Amino acid sequence: MDTHLDLDQFIAAVELLRHPELRGIPVVVGGSGDPTQPRTVAATATYEAREHGIHSGMPLRTALRRCPEAVFLPSDPPAYEAASERVMAVLREFPIAVEVWGWDEAFLGATTDNPEALAADLQHAVRARTHLDCSIGIGDNKHQAKLASAFAKPAGIHRLTSDNWAETMNERPTDALWGIGARISKKLAALGLHTVAQLATADPADLARHFGPTNGPWYRYLALGKGEAEVVTTPWIARGHSRETTFQHDLTDRADLAYHVTTLAEQVTQDAREAGREITRVTVKVRTTPFLTRTRQSTLPAPTTDPATITRTALTILDRHDLTRPVRLLGVAVDYTMPDQ
DNA sequence: TCTGGGGTCCTAGGACCC
DNA sequence: TCTGGGGTCCTAGGACCC
């Protein structure tokens, strides 16, 4: 039996623990906390802020317009990281497998006759030790458990297994599945596949023709409620790493672009060194007005952690971009060598 | 609603080689 | 030279997720 644990309103909850006086009023977290700053979006919004139509991903300036009396707090990733680690430590004290999935989620593998009782124990322990609420989903695999935890919100427990999959999911739109978003859902709808039930009975060869040999059949697999069941506890080895910056005002001067690419390349190389990883490929991302994103990349002749090599490569790649339009974002990404290669 | 930052995986097409 | 077929690597972009 797999379970998925999802902390409720994680970032907002951590902030409200630090600022109890803000309970009950609209709070928006994001950027440096200055809602007049352009090109900054909300990381999260409290329930009270949501009632004003504010949601995560919304530009802070829009949020401010919708709710001028809202309190805006800066995003504080180290604080969320620390809170997350406290929660994961509580989970690891249980005789269960823990697969950390971002800051505020974890998959848990357990052998038990009574998963609801285990889930309640976990909720009580997390609440007692961290003052944070979580929702827990129970399923036959991680996909089912993940969807179940959403049904469990707030602070509840829900079971979604193959026994009640069809009755729960069949009439829902395809983007209710974990792994199908708005784009694929729209393409599926254009093929007459609107619901999970319709996708589940679609022809796999048909899907493969439209979505590729891996993705097509996989979508049908998701619609049948199937998915990976193994909870992996071994630490994740990152495939790569990146840093990017959106500028509050567009850049047009090539010297400015070169300066920022150099800084990003140096940061990324330093990150790689600290992680003890070697770089095999460099990608430079450029987003111009009107929100057009392009990437250029180059594979290195040999893996390296030499800052000069990475910087030089990044600058050469930058010159392969069309830089005739104002630039709003620059990014440098690298791929790492993987062990056993 | 003028639209963040950091990831992962898949696909299609071209280059190149045998 | 009118040109087969397969394998592999590389690049650029798309889609999804937290």
Side-chain angles (χ1 to χ4, degrees), chain A residues 4 6-7 10-11 28-32 35 37-45 52-67 74-75 77 80-81 84 100-107 142-143 146-147 149-150 174-175 177-188 208-219 222 228 236-250 264 267-268 271 280-301 317 320-322 326 328-336 338:
Chain A
H4 178 260
D6 203 327
L7 290 155
F10 175 62
I11 293 174
V28 181
V29 183
S32 57
Q37 229 171 35
R39 297 178 180 176
T40 309
V41 301
T44 193
H52 292 82
I54 299 171
H55 54 79
S56 64
M58 174 180 281
L60 292 186
R61 305 178 91 164
T62 307
L64 178 63
R65 217 179 309 132
R66 293 208 176 178
C67 183
S75 176
Y80 314 141
E81 181 71 53
S84 174
V100 177
W101 201 262
W103 276 340
D104 57 347
E105 295 181 31
F107 289 102
K142 292 197 274 191
H143 178 212
K146 164 80 182 170
L147 297 187
S149 71
T174 54
D175 61 3
L177 301 167
W178 188 41
I180 295 184
R183 298 294 181 88
I184 299 298
S185 188
K186 203 172 169 187
K187 278 178 114 178
L188 288 167
R209 253 188 298 112
H210 285 99
F211 300 98
T214 303
N215 288 340
W218 183 58
Y219 297 150
L222 290 178
E228 181 60 56
W236 177 255
I237 299 170
R239 270 59 174 161
H241 176 64
S242 69
R243 292 223 183 207
E244 62 185 53
T245 309
T246 293
F247 306 104
Q248 303 225 335
H249 304 286
D250 293 338
L264 290 164
Q267 272 178 0
V268 156
D271 295 337
T280 60
R281 182 165 66 163
V282 181
T283 302
V284 174
K285 177 166 153 185
V286 176
R287 179 172 292 151
T288 57
T289 56
F291 212 75
L292 205 73
T293 308
R294 290 282 178 269
T295 61
R296 293 287 179 275
Q297 61 190 209
S298 143
T299 299
L300 297 166
I317 298 169
R320 283 165 45 205
H321 274 93
D322 173 17
R328 62 176 284 145
L329 172 146
L330 285 174
V332 174
V334 295
D335 288 14
Y336 289 149
M338 293 300 288

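Just so it is clear, the values below take in all heavy atoms, side chains as well, and ignore hydrogens, waters and symmetry mates. Here is the naming used below: chain letters follow the sequence lines, and residue numbers restart at 1 for every chain. Source: prediction; values computed, not measured.
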>> For residues 283-300 of chain A, which residue pairs pass the salt bridge (charged side-chain N to carboxylate O under 4.0 Å, His left out) check, not counting sequence neighbours?
In response: A:E244-A:K285
>> Closest-nucleotide mapping onto DNA chain B: is A:P59 or A:S242 further toward the 5' terminus? I mean the 5' end.
In response: A:P59
> Taking the nucleotide of DNA chain B with the closest heavy atom to each, which residue, A:I237 or A:P290, is nearer the 5' end?
Replying inline: A:P290
Determine the contact category for [X]: base if any of its heavy atoms lies under 4.0 Å from a base atom, sugar-phosphate if only primed atoms, P, OP1 or OP2 are that close, otherwise nothing.
| X | result |
| --- | --- |
| A:K186 | nothing |
| A:T245 | sugar-phosphate |
| A:G53 | nothing |
| A:W218 | nothing |
| A:T246 | sugar-phosphate |
| A:S298 | sugar-phosphate |
| A:P38 | nothing |
| A:A63 | nothing |
| A:R39 | sugar-phosphate |
| A:A182 | sugar-phosphate |
| A:R320 | sugar-phosphate |
| A:H55 | base |

> Can you tell me how far P in C:dC18 sits from the matching atom in B:dT3, rounded to whole Å?
Replying inline: 23 Å
>> Going by the rule side chain to side chain donor-acceptor pair (under 3.5 Å), which residues pair with A:E228 if we only count those two or more places apart in sequence or in a different chain?
In response: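 Expected list: none.
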>> Going by the rule side chain to side chain donor-acceptor pair (under 3.5 Å), which residues pair with A:R243 if we only count those two or more places apart in sequence or in a different chain?
In response: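 Counting only residues at least two positions away or on another chain, A:R243 forms a side chain to side chain donor-acceptor pair (under 3.5 Å) with A:D271.
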>> Which residues pass the ring pair (Phe, Tyr, Trp, His ring centres under 6.0 Å) test with A:W101, not counting sequence neighbours?
In response: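 So A:W101 forms a ring pair (Phe, Tyr, Trp, His ring centres under 6.0 Å) with A:F107, A:W178.
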>> My understanding is that only residues two or more places apart in sequence, or in another chain, count here; which of them pass ring pair (Phe, Tyr, Trp, His ring centres under 6.0 Å) with A:Y80?
In response: A:W103
>> Test of understanding: with salt bridge (Lys or Arg N to Asp or Glu O under 4.0 Å), list the residues that count as partners of A:R61, not counting sequence neighbours.
In response: none
> Going through the checks in order, is the side chain to side chain contact (heavy atoms under 4.5 Å, CB included) test met by A:T288 and A:R328?
Replying inline: CA-CA 5 Å; A:T288 57; A:R328 62 176 284 145; over 6 Å; no
>> Assess the residue pair A:T295 and A:T283 against the criterion (side chain to side chain donor-acceptor pair (under 3.5 Å)); give the C-alpha distance rounded to whole Å, side-chain angles, the decisive distance to 0.1 Å, and a yes or no.
In response: CA-CA 7 Å; A:T295 61; A:T283 302; over 6 Å; no
> Nucleotide range of DNA chain C contacted by chain A, 5' to 3', under 4.0 Å to a heavy atom?
Replying inline: C:dC10 to C:dC18
>> If the condition is side chain to side chain contact (heavy atoms under 4.5 Å, CB included), which residues does A:I184 pass it with, not counting sequence neighbours?
In response: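 If we apply the side chain to side chain contact (heavy atoms under 4.5 Å, CB included) test to A:I184, skipping adjacent residues, the hits are A:I180, A:L188, A:F211, A:Y219.
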> Roughly how far, to the nearest 0.5 Å, is OG1 of A:T40 from CD of A:Q248?
Replying inline: 5.0 Å
> Counting a pair only when it is Watson-Crick or G-U and both distances are under 3.5 Å, which runs of at least 3 such pairs involve DNA chain C?
Replying inline: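 Paired runs of 3+ in DNA chain C: B:5-18 with C:5-18.
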